[in-house]
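Scroll down for the structure; my scribbles are underneath it.
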Amino acid sequence: MHATTENIAASATRRPRNLRWRVVDIVVVSVIAVAAGVIFWGWDQASTPVGAPIQAALPGLQGIINGPWLFAGVLGGLIVRKPGAALYAELVAATVSALMVTQWGALTLLSGLVQGLGAEIVFAIFLYANWRWWVALIAGAGAGVAESILDLTVWYPGAKPEFAAIYAVTTTISGLVIAGLGSWLIVKALAKTGALGRFAAGRETTARI
Amino acid sequence: MSIVAAVRVGPLNRVNPVAKLGAVLVISFVLLATIDWVSAAVALVLECGLLLAARLPIRAVLRRTVPLLIAAPLAGATTVLYGQPSGTAYWRWWLIEVSDGSISLGLATLLRILAIGVPAIVLFITIDPTDLADGLAQVVRLPARFVIGALAALRLVGLFMEDWRALELARRARGVADGNAVRRALGQSFALLVLSIRRGSKLATSMEARAFGAPVNRSWARESRFGAGDWVVVALGVLVSAGAVAVSVAAGSWNFVFA
Amino acid sequence: MDVRTRPSAVLASRWGWRHAGRARWAVDDLDLRIEAGERILLLGASGSGKSTLLAALAGVLGGEDEGEERGTLLIDGVDPARQRGRSGLLMQDPDAQVVLARVGDDVAFGCENLGVGREEIWRRVSESLAAVGLDVPFNQPTSALSGGQKQRLALAGILAMRPGLLLLDEPTANLDPHGVGEVRDAVEAVVRRTGSTLVVVEHRVDVWRHLVHRVIVLGDGGRLLADGHPDAVLADPDGSLRRAGVWTSQRPPEARRGAAAPAHGGEVLLDARRLEVGRPRAPFSAGPVDLGVRHGAATVLTGANGSGKSTLALTLGGLIPERGGELRSSPELSAGAATRPIEWRSRQLLTRIGSVFQSPEHQFLAQSVRSELAVGPRALRLPQPEVTARVDELLVRLRLDALAEANPYTLSGGQKRRLSVATVLATRPKALILDEPTFGQDSNTWVELVGMLRDLRDAGHAVLAVSHDAMLAGALGASEWVIPAGGHRIRAQVPRPDRAATQRISP
């Protein structure tokens, strides 16, 4: 029995990579993005608005909380493993935000586009073939870099270099840890619940009988 | 707060969502190119004028713009504290440096965010997601499978919110709602992801069973037309941006952001 | 307009399918022939591959990267995956089948995917909605429909594709009795009108028995156990159907343990006086109610969908605040805490009232069954040996010991239900409130659950269940409260002593 399980797991990963999007790929990436949007709404509901003025007074350190907003793209990419997944996921998450009351319209679309590109470019560099934890980290960092560029252009264009530098660094670290490592851990945990049965990411972790 | 129920009043109702999106993107990109209060102020004034002409219900508009009205001054304040210093310095402490230059940059930031954000929000509240999807697929010719996949998933927002509430109550029932709110929120978020992926997989099977993704040329039950009225809206977006740029350049305050 | 479609014929020769990553073949070596226009009821225990077969016939099993296929499966001589739209699949979960936000658009979806012309699409939409008896305007929001309406909407969407083969995978499992009737009538109307071939998978045989020509029973791995005329097969000469969890008659399956005789119960643990309930930030739901939840007795709240039953259950469970009136717990139940359950801290609820939700997945917190069971005792800060003792005891009592290290989400429906009840029992609350405990169960798991609830009642717990299952109250010997639709003014208690008295106690 043990030998059979190994063979099955091995054959599941040895199958040729199929880079064409299936319907389930499209829908699940969209659904993750929509869930991310709802999760942000849920966090918003639970958190108090007191922190905002304090954050406004920080010298760029507020970048450290940017990470969570970036996980949709990396997560989508890691689960579906097809070209364009990270970008598409972030765009859909941004659209959900744009349509829900708590966010600011089309500005988030731009955010989503840029953040998605940040992660997407990283996955592309690895030819959509390497999905290990350190690639996830780099993708998260990529999204962070992209977001800091956008934020410094849209929200804080007049800032002095020290602020910009601190903001960029904290956002990137936040992206690397929360969006990168966080997403990778989430995928592992999701695979154990059996929810990813139709994806390679799910079948790698669990060879079921 | 339903994301499906668009505000369906006034002449904007009949405009193709792609046109509204186009107008917003034009304004956004142009205004993003500069940091100066003149262009932003001009754009903002023109936009408010146009939006009043669109006869949208004021209360609904105000309700949806509140987050922006809070975030913009805060971003402005951050810029006042940490903006590029120039002119007389008023206060200095560690990295904070309030000066003439940073104050005017702060003002510019505030106005700019409002000028980009207000049309973005207001136009979006009049957009129905299905119409937007039709427009993106038929007019802009984005790949249909992706647009519709996203639209189908979007419909699940209401269900996910119900799931989130149920997850909260369940945690109270399981005895873990007393403590660490952050840890609870993370656990709930994970649970929501699991539930959502399951729903998504089932939805994908349903859609495939209705021949979605089949190698057939797809037809459209609702036609998305891009007519004269839609071009007018896009043109207005261009005019607002052009007006803002013209006045700013004439006043000499044009300040290219990448300079 | 003639809507008769060309009905399809199905031919399976030594067909088999194995999902990727599994060792067992879901279906193996199946030989089956279905003639055009035939109507089939497909039965079998879980694990017999029924859903796999239906998915394959609908062409949605997935490509090479999702599994392996053996033998051939053909519809009208062609591979199902290459003629999408020839077969239509209606599945169990009403919410997972709605694609678009407006009724008309949703029905049109299938036609759009097949490239049908615009005028023809809307013509078919009208016809299909009429055929299933769904008389709502085209721009009605789909989220506002009831479960039965959503299933009929999905059926209309399928019908608009003019399929020759209609596949129904447990279409009424998630519906209340009213919805079941609606869907059954709609399906009957459709097949009589179009003459298409029909394959239904369902546990509730009575619903479909008179509509089908033939009953097929599948065993493990898709082995053919029986195949023939409904009366012959359903007589179940060798009991294999009952073992497979099929409801074979009008009478409820007999619970094996416990007594059905109604216990009159001890003192009141939870006392509701003129209680009015409603979700926070939502309109008023139900009430006023006068209700007492008693020691050692069972109560069942029934009523149509939307009558506020779940909200009432949540309020009684101390999870959402009362809208009006009062809800008091007896001193015995509150044991030193406040009198109103909503004021109790989350930890205090654990030992007083246990709430079991309709969907077990909402309550899962841990990565393994064992740690799931330990969550409650740990929250109570019990010493580790005590925690382990309680967990082990529950694992054995509820037959979950073989699954102790499995992830809760990977369990089957019945196992998840047992686990969610077990987690509640780990902290030994005096009162138990269950929301739709028998939802979606086959007869085996139904029997098991009813037996468990009877045991709990006899052990002195107060058991309250919210359910649209008409047989539950009788089976539990419970007093039954009917909540009328619209929710207002719950009428006086309607105990059913006559039903409980005639309930047979099986050997």
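What's counted below: heavy atoms across the whole structure, side chains too, no hydrogens, waters or symmetry copies. All chains are named by letter (A, B, ...) in the order of the sequence lines, taking the proteins before the strands, and each is independently numbered beginning at 1.
- Between chain C and the options B:R171, B:K202, B:R172, the largest number of non-hydrogen pairs under 4.5 Å is found for B:R172.
- Ion pair C:D106/B:R210 flagged as a salt bridge, since at least one NZ, NE, NH1 or NH2 atom sits closer than 4.0 Å to an Asp/Glu carboxylate oxygen.
- A pairwise comparison of heavy atoms in C:P408 and C:L419 identifies CB-CD2, 3.9 Å as the closest pair.
- For chain C, the option among B:R198, B:R199, B:R165 with the highest count of heavy-atom pairs below 4.5 Å is B:R198.
- You'll find the side chain of C:V107 stays beyond 4.5 Å of the side chain of C:R124, heavy atoms only.
- Both the backbone and the side chain of B:E223 come within contact range of chain C, with heavy atoms under 4.5 Å apart.
- A salt bridge links C:R162 with C:E127: at least one charged nitrogen is closer than 4.0 Å to a carboxylate oxygen.
- When the candidates B:T205, B:L192, B:I148 are compared by the number of heavy-atom contacts under 4.5 Å with chain C, B:T205 comes out ahead.
- Taking C:G85, C:A96, C:S143 one by one and counting their heavy-atom pairs under 4.5 Å with chain B, the maximum is reached by C:A96.
- For the pair C:P321 and C:I342, the tightest heavy-atom approach, listed with the atom from each and the gap, is N-CD1, 3.6 Å.
- With chain B as partner, the option from C:L89, C:L90, C:L100 having the largest number of non-hydrogen pairs under 4.5 angstrom is C:L100.
- Within the structure, the ring pair (Phe, Tyr, Trp, His ring centres under 6.0 Å) test picks out the following pairs touching residues 188-235 of chain B (sequence neighbours left out): B:F212-C:F109, B:F226-B:W231.
- Only the side chain of C:D93 comes within contact range of chain B, with heavy atoms under 4.5 Å apart.
- Shortest non-hydrogen contact noted between C:A338 and C:E343 is CB-OE1, 3.2 Å.
- Salt bridge status for C:R417 with C:E436: absent, with no side-chain N to carboxylate O gap under 4.0 Å.
- In this structure, the portion of C:L349 lying under 4.5 Å from any heavy atom of chain B is its side chain and not its backbone.
- Listed options C:D105, C:L114, C:L167, C:I121 were ranked by heavy-atom pairs under 4.5 angstrom with chain B; first place goes to C:D105.
- Both the backbone and the side chain of B:R222 come within contact range of chain C, with heavy atoms under 4.5 Å apart.
- With salt bridges taken as basic N to acidic carboxylate O contacts below 4.0 Å, one links C:R84 and B:E208.
- Only the backbone of C:P341 comes within contact range of chain B, with at least one heavy atom under 4.5 Å from a heavy atom of that chain.
- With a 4.5 Å cut-off on non-hydrogen atoms, B:L203 touches chain C through its backbone and its side chain both.
- Proximity to chain B (any heavy atom under 4.5 Å) is restricted, for C:S87, to the backbone atoms N, CA, C and O.
- Heavy atoms of B:L169 lying under 4.5 Å from chain C belong to its backbone as well as its side chain.
- For chain B, the option among C:R378, C:E372, C:Q92, C:Q358 with the highest count of heavy-atom pairs below 4.5 Å is C:E372.
- The greatest number of non-hydrogen atom pairs below 4.5 Å with chain C, out of B:P215, B:A211, B:A204, is found for B:A211.
- By number of non-hydrogen pairs under 4.5 angstrom with chain B, the leading residue of C:A426, C:G157, C:G354, C:G317 is C:G157.
- Closest approach of C:S310 to C:R279, counting heavy atoms only: CB-NH2, 4.2 Å.
- Residue C:L57 comes nearest to C:I75 through the heavy atom pair O-CD1, 3.2 Å, listed as atom of the first residue, atom of the second, then distance.
- Side-chain contact between C:R381 and C:R347 is present, with at least one heavy-atom pair separated by less than 4.5 Å.
- Side-chain contact between C:L314 and C:I433 is absent, with no heavy-atom pair separated by less than 4.5 Å.
- Interface residue C:F357: only side-chain heavy atoms are found under 4.5 Å from chain B.
- Proximity to chain B involves both the backbone and the side chain of C:V98, based on heavy atoms less than 4.5 angstrom apart.
- Contact annotation for B:N217: only backbone heavy atoms (N, CA, C, O) come within less than 4.5 Å of a heavy atom of chain C.
- Of the listed residues (C:R345, C:M91, C:Q97), the greatest number of heavy-atom pairs within a distance under 4.5 Å of chain B belongs to C:R345.
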